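Predicted model, so just to flag it, every value in this text is computed and none were measured. The chains referred to below are lettered A, B, ... by the order of the sequence lines, with proteins before strands, and numbering in each begins at 1.
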There are 2 protein chains.
Amino acid sequence: MPVSTEWLLHCATTLAQLDPGTTASAAQLAQYYDLPAAYLAKQLQALVRSGALAATTGPRGGFRLARPASEITLLDIVEAVDGAASPYECREIRQQGRGALSPEECRNTCVLAEKMADAHEAWRRSLAATSLADVLATLPPSAPERTRRRMAGAT
Amino acid sequence: MPVSTEWLLHCATTLAQLDPGTTASAAQLAQYYDLPAAYLAKQLQALVRSGALAATTGPRGGFRLARPASEITLLDIVEAVDGAASPYECREIRQQGRGALSPEECRNTCVLAEKMADAHEAWRRSLAATSLADVLATLPPSAPERTRRRMAGAT
DNA sequence: GATATTGCGGATCTTTTTAGTCCGAGATAG
DNA sequence: CTATCTCGGACTAAAAAGATCCGCAATATC
């Protein structure tokens, strides 16, 4: 899992603390967390494509949440960056070699692939259970204003 | 996640169907699933190191389960191949850059890292809930004997 | 209307991981 | 005791992913 996953989780949390209608540019966010600006910008695009963020170009442009923070889950962000595919891929080796099963016996999906898919679903459910609003609720009440203040002064 | 994960899940399931005390060599298993023998042997070693399999060298040697099938979970196998580390790694970027939090504010772990760890734990729990014995229980009753028969004739 | 600023996408380079091969150490059977 | 069969770990290519850079389109400001 790339390091940019952490970057975007934090950036989305930061954007969720801005006043509605306010945007933050990629350069601002990069400076806020001391990250390589070019690469961060590229990853932010993935979140725009996924529909979690919205972007406006031109001067005073930047990124903002595309939906209320309560409707953006950690899963939305993680899958936008890392892809939604399961890491385990069943290649049906049970149908190959000396021990090959007949096609008829393979009508139902492989038990092992099924269990791996179950685990992946458990992982997804866990991440989908937390929204950005939930994350903000755990921060001290003074956090949003400080974030806005520190963000405003950046380039 | 490497393709060898699938290989070893299936190989372990196969070994679980052998009579106690019987071993299967890497060459036999490779032939059984039509896999590159040398590379499979390398991956089987990881399972030996993790303690899930036991190996005996010399003529008539090979691999066998190191414990009863009911005490080997899918998680044991997956983590032996793919490593036990969580794919998400918190690098504490909240302490860097313009928005850096004070060390005192970082006494408790980052909320995002916590949620990601929770998801990983959910994934592990799901895999740990299934043992090789559970997998065998889903197969038709005739499966183990056929597996032994087809395995016996191999090189 | 010109200019500067910002996001967007493609092409490129580097690094890491994966896939695969090979030869040596050790143990068993005869 | 010897020959053969097995695992064991080191070594080498290949592919994928990470990370970076540059030019293009769009928009608000002056």
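Residue B:Ala41 is out of contact with every strand shown, counting any heavy-atom pair closer than 4.0 Å. Residue-level contact check: A:Ser4 touches neither bases nor backbone, having no heavy atom under 4.0 Å from any strand. Nucleic acid contact for B:Ala38: base, since at least one base atom lies under 4.0 Å from a heavy atom of the residue.
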inquiry  = Test salt bridge (Lys or Arg N to Asp or Glu O under 4.0 Å) on B:Glu105 and B:Arg94; report intermediate values, then the result.
reply    = CA-CA 10 Å; B:Glu105 288 170 303; B:Arg94 61 177 178 170; over 6 Å; no

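Here B:Arg49 reaches the OP1 or OP2 of D:dG9: one of its side-chain N or O atoms lies under 4.0 Å away. Distances shown here put every side-chain N or O of A:Tyr39 at or beyond 4.0 Å from the OP1 or OP2 atom of D:dT20.
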Extract from the structure each pairing of a protein N or O with an N or O of nucleotides 10-17 of chain D at less than 3.5 Å, listing the distance.
none

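B:Leu8 CG to B:Leu29 CG: the interatomic distance, rounded to the nearest 0.5 Å, is 9.5 Å.
If you measure from atom CD of A:Gln43 to atom P of D:dG18, you get 8 Å, rounded to the nearest angstrom.
Five base pairs at each end of the helix from C:dG1-D:dC30 to C:dG30-D:dC1 define two local axes, and these are offset by 10° (rounded to 10°).
Between the side chain of A:Gln45 and the base of C:dG7 there is no donor-acceptor pair of N/O atoms closer than 3.5 Å.
For an aromatic pair to be called close, the ring centres must be under 6.0 Å apart, and A:Tyr33 with A:His10 satisfies this.
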